[in-house]
Peer 1: 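Please see the structure below; I have some questions.
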Amino acid sequence: MPSMTPKKRTLDSFFTSSSPAKKQRTEPSLENAFNHPTYPFPVPSLPDTIIEKLNTSPAGSSKRINDQPDLDLLYHHSFIHKDIARDLFDFLRQHLFFYRVHYKIKRGPSEHSISTPRYTTVFGVDSTSAFSPTPSNHLIDPLSGHPVPKDRYKCRPRPLPSCLQHLCRTTEESTLETFNFCLVNYYADGADSISFHSDDEHFLSPEPAIASFSLGARRDFLMKHKAAVPPNKDDAEPVSSSTAGDGKGKDNDSSSSSSLKFVLQSGDMLLMRGKTQTCWLHSIPKRKGVEGPRAGRINITFRKAVKREGTENYYRYNVGDGEPYRWDEKRGEMVVWKKEG
DNA sequence: AAGAATGCAGCGCT
DNA sequence: CAGCGCTGCATTCT
């Protein structure tokens, strides 16, 4: 009986009222706020209380998961300290701007309108450019140091705000990787999702390392490999197909078949590397019962793009051309943010 | 104790 | 890829 989480999720999330009155509103001053012409509004820097704890990351233990073909994961449970995970979640949800990207796809003859089922935002630029040091933060050529030509990008790349720079550095030190992009997703509740895909874009390096953080609500993270096993017909596959015949508990991960499930919790970090992106798909499926004030989840990924198209692509699909959203604490939801209002 | 009703997750098609 | 409808499974209800 390999199942490790026999708990009822729905009940849990409903009744685990955290510590009573511990909500200490740390109102960050706007003096240290990070601003940039591409930002709709300035993003303050992290409170010292969070920074101190962040500096001691990773907090929990990590587990190497490579017992499947072409899979190489490093799963940090509680990379971010339990006692600041919620504060960091609140901070980012409150102070970052997000987008609900709409785009059109063509399916045969007809065109279909798609609204991305999650809030997204992105910072960074591919390695053919760099941001000059603060405060100006304009785009320069990393070799010459000269400003890049105006028409190098159609989009307008944004530097990481200091709060994300901090987390990025911590992650780089821990993983011994380097990153130049930060994508942030906000899943408002169980209706928000991302379907199976892989981050195998050609503008990333060949075997990209991608660090993925979870904050806020727990959500299932599904993985399955792409080509149902190398096209090798001689190995008459044993009748393994469904091990679920006797409907027992639900495993959390690994062993048996080709489909994995992780219940990602607040503070966790999953590092995907090697051939993982080339050979595996992952998704955050929609889930019933994930609703209410604690249903929100933030996902932060760090990665490295080495081509300009990467920059264009990420800004197109994670910022788009719509209005920015900002968290409204009173309403408990994202609302369209308008300047001067 | 066992069949019926309900709720979900997963899959295929668009 | 998102979104929807259909299907099978499993848990709950009676």
Peer 1: What's the NZ-C1' distance between A:Lys288 and B:dG10, to the nearest Å?
Peer 2: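 Going from A:Lys288 (NZ) to B:dG10 (C1'), I get 13 Å.
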Peer 1: In terms of the angle between their ring planes, are A:Phe213 and A:Phe302 parallel, tilted or perpendicular, with boundaries placed at 30° and 60°?
Peer 2: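 Perpendicular.
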Peer 1: Return the nearest nucleotide to the side chain of A:Ile105; candidates are B:dC8, C:dG3, C:dC1.
Peer 2: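 For the A:Ile105 side chain, the nearest candidate turns out to be C:dC1.
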Peer 1: What's the closest nucleotide to the A:Leu222 side chain, out of B:dC8, B:dG10, C:dC1?
Peer 2: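 Nearest to the side chain of A:Leu222 among the choices is B:dG10.
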Peer 1: In whole angstrom, what separates A:Lys224's NZ from B:dA9's C1'?
Peer 2: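 It works out to 13 Å between those atoms.
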Peer 1: With a 3.5 Å limit on both atom pairs, tell me what C:dT12 is paired to, counting Watson-Crick and G-U wobble, or say none.
Peer 2: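 Because both required distances fall under 3.5 Å, C:dT12 counts as paired with B:dA4.
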Peer 1: How close or far is atom P of B:dC13 from atom NE2 of A:His112, stated in whole angstroms?
Peer 2: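 So the two atoms are 17 Å apart, to the nearest Å.
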Peer 1: Should A:Arg107 be listed as having a side-chain N or O under 4.0 Å from OP1 or OP2 of C:dC4?
Peer 2: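 No, A:Arg107 has no side-chain N/O under 4.0 Å of OP1/OP2 on C:dC4.
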Peer 1: Considering only C:dG3, C:dC1, B:dC8, which nucleotide approaches the side chain of A:Tyr103 most closely?
Peer 2: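 Shortest atom-to-atom distance from the side chain points to C:dC1.
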Peer 1: Which of these nucleotides, B:dG10, C:dC1, C:dG3, is closest to any side-chain atom of A:His197?
Peer 2: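 Nearest to the side chain of A:His197 among the choices is C:dC1.
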Peer 1: How many Å lie between CD on A:Glu291 and C1' on B:dC8, as a whole number?
Peer 2: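 After rounding, the gap between these two atoms is 13 Å.
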Peer 1: Starting from P on B:dC13, measure out to CZ on A:Phe196 and report it in whole angstrom.
Peer 2: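 Roughly 18 Å, once rounded to whole Å.
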Peer 1: Starting at NE2 of A:His102 and ending at P of C:dC1, how long is that distance when rounded to a whole Å?
Peer 2: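 Between P of C:dC1 and NE2 of A:His102: 18 Å.
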Peer 1: Are the aromatic ring centres of A:Phe123 and A:Phe97 under 6.0 angstrom apart?
Peer 2: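 Yes, they do, as the ring centres are separated by less than 6.0 Å.
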Peer 1: Can you measure from CZ (A:Phe89) to CD (A:Gln94) and round to the nearest 0.5 angstrom?
Peer 2: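 Going from CZ on A:Phe89 over to CD on A:Gln94, the span is 11.0 Å.
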Peer 1: Starting from P on C:dC1, measure out to NZ on A:Lys286 and report it in whole angstrom.
Peer 2: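 Going from A:Lys286 (NZ) to C:dC1 (P), I get 13 Å.
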Peer 1: Can you give me the closest heavy-atom contact between A:Tyr99 and A:Pro40, atom names plus distance?
Peer 2: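 Answer, listing the atom of A:Tyr99 first, then A:Pro40: OH-CG, 3.9 Å.
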Peer 1: Under 4.0 Å between a Lys/Arg side-chain N and an Asp/Glu carboxylate O for A:Lys226 and A:Asp200?
Peer 2: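 Looking at A:Asp200 together with A:Lys226, the answer is yes, because their closest N to O distance falls below 4.0 Å.
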Peer 1: Expressed in angstrom and rounded to an integer, what is the separation of A:Asp220 atom CG from B:dC8 atom C1'?
Peer 2: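 Distance check: A:Asp220 CG to B:dC8 C1' gives 12 Å.
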Peer 1: Counting only side-chain N and O atoms of A:Ser115, is one of them less than 4.0 Å from OP1 or OP2 of C:dG3?
Peer 2: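 Yes, because at least one side-chain N or O of A:Ser115 sits under 4.0 Å from OP1 or OP2 of C:dG3.
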